[in-house]
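See below for the structure under consideration.
Keep in mind that what you see is a predicted model, and the values were worked out from it rather than measured. Proteins come first, then strands; the chains are lettered A, B, ... in the order of their sequence lines, and each starts at number 1.
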Amino acid sequence: MKIWICAKVLSKCELLFLVCEAQTCPLSSRWEEDKYEDGIKWKFLEHKGPYFPPKYQPLPHDVKLYYDGKPVKLGLAAEEVALFFAQMLDHEYTTKEVFRNNFFRDWRKEMTEEERVLITDLNKCDFGEIHAMHRERVETRKNMSKDEKQVNTEANQKIMDEYGYCLLDHHRERVGNFKIEPPGLFRGRGEHPKQGMLKRRIQPEDVVINCSWDSRFPEPPAGHRWKEVRHDNTVTWLASWTENVQGSFKYVMLSAISKLKGEKDWEKYELARRLKSRVDDIRLQYQNDLKSKQMVTRQRAVALYFIDKLALRAGNEKEEGETADTVGCCSLRVEHITLHDVLDGEKCVVEFDFLGKDSIRYYNKVPVSKRVFKNLKLFKESKQEGDDLFDRLNTAMLNKHLSSLMPGLTAKVFRTYNASITLQEQLRELTSDNMAEKLLSYNRANRAVAVLCNHQRAPPKTFEKSMANLQTKIESCKEKLALAKRELKQTKEEAKGSSDSNTVEKKKKAVQRSAEQLLRMEVQATDREENKQIALSTSKLNYLDPRITVAWCKNMEVPLDKVYNKSLRAKFAWAVEMTELDFEF
DNA sequence: AGCGCCACTTAGTACCATCGTA
DNA sequence: TACGATGGTACTAAGTGGCGCT
């Protein structure tokens with residue numbers, strides 16, 4: 001167990017104290033149990049360990065690789081890796097030079113001496129037969145009967161029952177990712193230099209187990225041992241291993257609906273709310289710092305301005321050649337921004353164009369203050385492509401400065417703060433009375449946040465088609481409405497003088513119904529069009545204080561399940577329970 | 001200050017179950 | 001009943017940031 005030095009204890013306690021102080025609503029029941037002393041995450045932890053993927057099933061004897069036109073029956077190890085490649089043949093990945101080279105290098109490592117001598121050129125390998133077999137298997141699986149699918153579902157349920165839960169401080173909690181990642185070919189995002197490399201099969205001997213010393217330890221699979229069983233209650237993971245492609249750690253952790261994760265999430269939003277009360281001062285300060293004599297301070301001020309105004313990520317340094325070339329704020333290079341004295345009638349425009357996390361492109365044209373603009377010119381001066389824009393700054397320095405302004409403050413808190421405050425403000429502006437329109441308002445507010453945070457998605461493959469479908473429906477609904485209106489008019493005339501108001505009422509209702517239906521569909525069409533390339537889920541899940549949404553739903557009389565699905569409601573159970581009507585972020 | 005290690009959050013996509021519709 | 005669209009979930013990569021060491 002670690003020994004905690006005083007300075008750290010103080011800062012953490014201070015933060016916790018401030019967080020509790022800032023909290024406006026009382027915590028109820030499950031969320032109310034006392035906190036452990038600093039750094040301790042649990043007192044008791046018991047679980048079944050991770051679930052290992054099934055071992056490799058050899059190919060049927062008649063399915064072979066062909067090399068240079070001749071059939072080759074590979075040994076088990078090489079065959080498994082060949083199957084990984086064959087399975088991906090429909091994917092663009094397998095045509096990429098880097099992917100192919102990495103794959104081939106790693107594949108050859110799995111070959112026997114004999115195979116390695118024979119197979120020296122990937123282009124001479126014909127995976128056709130293996131690929132066809134794979135396609136067939138996929139097809140068979142797709143065509144399984146209901147009963148067969150049911151058998152699968154039940155088997156999965158059994159695995160879930162056994163491995164999907166743990167005992168943490170007397171509570172039964174769901175485990176998030178209890179399955180060990182199966183072997184395969186590494187699929188990085190963007191132009192990843194390691195794409196195609198073999199991701200090794202994880203053995204129990206690679207896995208470290210973390211649990212209570214006085215719990216029933218998980219059993220390793222028969223004939224195996226764990227790498228280690230430790231009892232570290234300053235961390236939350238149940239099992240961990242090192243992944244071979246990047247050498248990074250992988251963890252089995254609790255699910256997002258667990259108490260532990262929920263509390264952490266709540267603390268995150270409380271921290272962001274604390275920023276709300278300090279942000280004016282902080283902005284004033286970095287505006288001032290733009291004039292500093294110190295270059296570092298000015299760079300820090302401009303970076304902070306970007307992080308605050310544009311919700312850029314911090315931008316840690318990355319090891320060159322190990323990952324795709326992506327950047328965040330502090331790692332921006334001179335080629336990522338273009339300065340326009342005037343652009344489209346606006347002065348001092350900064351044009352951003354770079355790849356961010358997951359190699360998602362960030363493109364934006366932003367008018368900035370003269371002072372920021374002048375500084376940027378200065379930072380770019382006498383530098384060339386490839387040079388850091390903020391050459392005197394890194395995320396550690398930035399965060400150190402931020403934490404001196406407010407305990408616990410780091411760059412990412414600005415994203416949480418700006419996302420949540422944007423949602424709250426947008427909801428105030430956009431709200432209307434009809435249910436469909438209310439939901440559109442909510443989605444628009446959500447969308448404003450997603451745009452701010454640059455949360456993108458690939459347009460759904462069926463987008464154009466389903467849009468067209470919706471349009472035809474709208475057209476036919478329009479006709480229906482017109483017809484209903486005509487009928488109403490006619491009925492009205494016929495009913496003149498007579499006392500048949502009943503039929504008129506009926507027709508009126510029909511018109512109203514059609515009109516509502518049409519509106520609903522038109523709203524839906526708008527919503528979907530605006531959403532084409534924007535992912536709402538990421539901000540909903542990670543950036544928007546759920547209490548804003550819960551309070552809005554209560555105030556607007558919108559059922560919560562219209563905006564939060566079951567898992568979101570579970571994840572944000574704390575907010576559902578504690579949020580009052582007058583909650584303000 | 002800089003680095004490596006570690007733990008944890010944030011991210012997009014592939015896949016799957018379910019639903020409404022032809 | 002078969003089908004495609006849709007929403008939800010599983011998966012795992014890719015970030016952030018703290019900490020201890022040199």
Side-chain angles (χ1 to χ4, degrees), chain A residues 2-5 7-8 11-12 39 41 91 138 141-144 146 149-150 152-153 156 160 176-182 184 186-190 192 194-195 199 208 210 232 234-237 240 242-243 245-251 253-256 260-261 264-265 268 313-319 322-324 326-331 355-360 394-400 402-403 408-413 415-416 419 450 453-458 460-463 465-467 469-470 473 528 533-543 564-568:
Chain A
K2 290 180 189 168
I3 296 160
W4 298 88
I5 58 163
K8 196 195 150 220
S11 73
K12 285 255 168 136
K41 309 291 170 55
H91 203 288
V138 170
R141 194 147 42 93
K142 223 166 58 187
N143 294 332
M144 274 192 310
K146 256 202 175 139
K149 281 188 180 166
Q150 184 60 26
N152 270 347
T153 311
N156 282 334
M160 168 73 113
N177 53 330
F178 54 85
K179 286 181 177 166
I180 295 273
E181 295 172 18
F186 176 77
R187 306 157 78 132
R189 317 239 165 98
H192 202 296
K194 298 197 169 183
Q195 63 189 97
K199 197 168 88 167
V208 178
N210 193 31
D232 182 355
T234 66
V235 296
T236 66
W237 52 267
S240 74
T242 305
E243 164 267 353
V245 175
Q246 319 233 48
S248 62
F249 290 89
K250 298 273 184 169
Y251 301 93
M253 289 195 188
L254 293 181
S255 115
L260 199 82
K261 293 277 188 191
K264 199 76 188 300
D265 217 28
K268 175 180 80 183
R313 296 186 185 83
N316 281 314
E317 286 129 297
K318 302 166 61 175
E319 218 175 322
E322 296 293 299
T323 60
T326 62
V327 296
C329 185
C330 292
S331 49
L355 298 180
K357 181 175 178 182
D358 294 305
S359 293
I360 297 292
N394 62 40
T395 54
M397 292 157 68
L398 182 71
N399 283 332
K400 202 176 158 206
L402 287 174
S403 71
L409 186 61
T410 61
K412 87 190 196 60
V413 180
R415 260 167 93 82
T416 313
C453 295
N454 200 36
H455 292 142
Q456 298 188 25
R457 62 167 184 174
K461 285 190 183 88
T462 53
F463 185 83
K465 211 176 131 199
S466 81
M467 256 340 237
N469 281 347
L470 192 56
K473 272 192 194 167
R528 225 190 272 177
Q533 301 202 63
I534 298 168
L536 299 186
S537 54
T538 308
S539 48
K540 235 181 197 179
L541 205 57
N542 299 303
Y543 288 103
Y564 277 177
N565 63 33
K566 198 176 152 205
S567 50
L568 282 169

Quiz item: Between A:W237 and A:Y251, what is the ring plane arrangement, given parallel below 30°, perpendicular above 60°, and tilted in between?
Solution: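 The arrangement is tilted - the two ring planes meet at 30° to 60°.
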Determine: side-chain N/O of [X] to OP1/OP2 of [N], distance under 4.0 Å, yes or no.
X      : N      : answer
A:S248 : B:dC6  : no
A:R415 : B:dA11 : yes
A:H455 : B:dT10 : no
A:K268 : B:dT10 : yes
A:Y543 : B:dA11 : yes
A:N399 : C:dG17 : yes
A:T538 : B:dT10 : no
A:K357 : B:dG12 : no
A:N565 : C:dG7  : no
A:K318 : C:dT16 : no
A:Q456 : B:dG12 : no
A:K250 : C:dT12 : no

Quiz item: Quick one: on DNA chain B, does A:N394 or A:S539 contact a more 5' nucleotide (nearest heavy atom)?
Solution: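 With A:N394 and A:S539 compared, the 5'-side residue is A:N394.
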Quiz item: Closest nucleotide of DNA chain B for A:A535 versus for A:S240: which of these residues is on the 5' side?
Solution: A:S240
What's the closest nucleotide to the [X] side chain, out of [options]?
X      : options                : result
A:T326 : C:dG15, C:dA14, B:dA7  : C:dG15
A:N542 : B:dA11, C:dG17, C:dA13 : B:dA11
A:A458 : B:dT13, C:dA14, B:dC8  : B:dT13
A:I360 : B:dG12, C:dC11, C:dT16 : B:dG12
A:A314 : C:dG17, B:dA14, B:dA7  : C:dG17
A:F249 : B:dC6, B:dC8, C:dT16   : B:dC6
A:R313 : B:dC8, C:dG18, C:dG15  : C:dG15
A:Y251 : B:dG12, B:dA7, C:dG15  : B:dA7
A:K400 : B:dT10, B:dA1, C:dG18  : B:dA1

Would you mind classifying the nucleic acid contact of [X] as base, sugar-phosphate or nothing, using non-hydrogen atoms under 4.0 angstrom?
X      : value
A:K142 : nothing
A:D358 : sugar-phosphate
A:R457 : sugar-phosphate
A:A324 : nothing
A:K194 : nothing
A:T323 : nothing
A:T395 : nothing
A:A396 : nothing
A:L541 : nothing
A:M253 : base
A:K566 : nothing
A:G328 : nothing

Let me know the distance between [atom1] of [X] and [atom2] of [N], rounded to the nearest Å.
X      : N      : atom1 : atom2 : result
A:D265 : B:dT10 : CG    : P     : 7 Å
A:W237 : B:dT9  : CH2   : P     : 15 Å
A:K149 : C:dA2  : NZ    : P     : 12 Å
A:E181 : C:dT12 : CD    : C1'   : 5 Å
A:L260 : B:dA7  : CG    : P     : 15 Å
A:E319 : B:dG4  : CD    : P     : 7 Å
A:R187 : C:dA14 : CZ    : P     : 12 Å
A:E243 : B:dA7  : CD    : C1'   : 15 Å

Exercise. Quick one: pull up CZ in A:R457 and CG in A:L536 and give me the separation to the nearest 0.5 Å.
Key: 7.5 Å
Quiz item: For A:A324, does its backbone N or O pair with a side-chain atom of A:K318 as donor and acceptor, under 3.5 Å?
Solution: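 Flag set: sc A:K318 to bb A:A324 pair under 3.5 Å.
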Self-check item: Pair A:K261, A:T236: side-chain N/O donor-acceptor within cut-off below 3.5 Å
Solution: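 No pair is found: no donor N or O on one side chain lies under 3.5 Å from an acceptor on the other.
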Quiz item: What heavy-atom pair brings A:V245 and A:K194 nearest, and what distance separates the two atoms?
Solution: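 Result for this residue pair: O-NZ, 3.0 Å.
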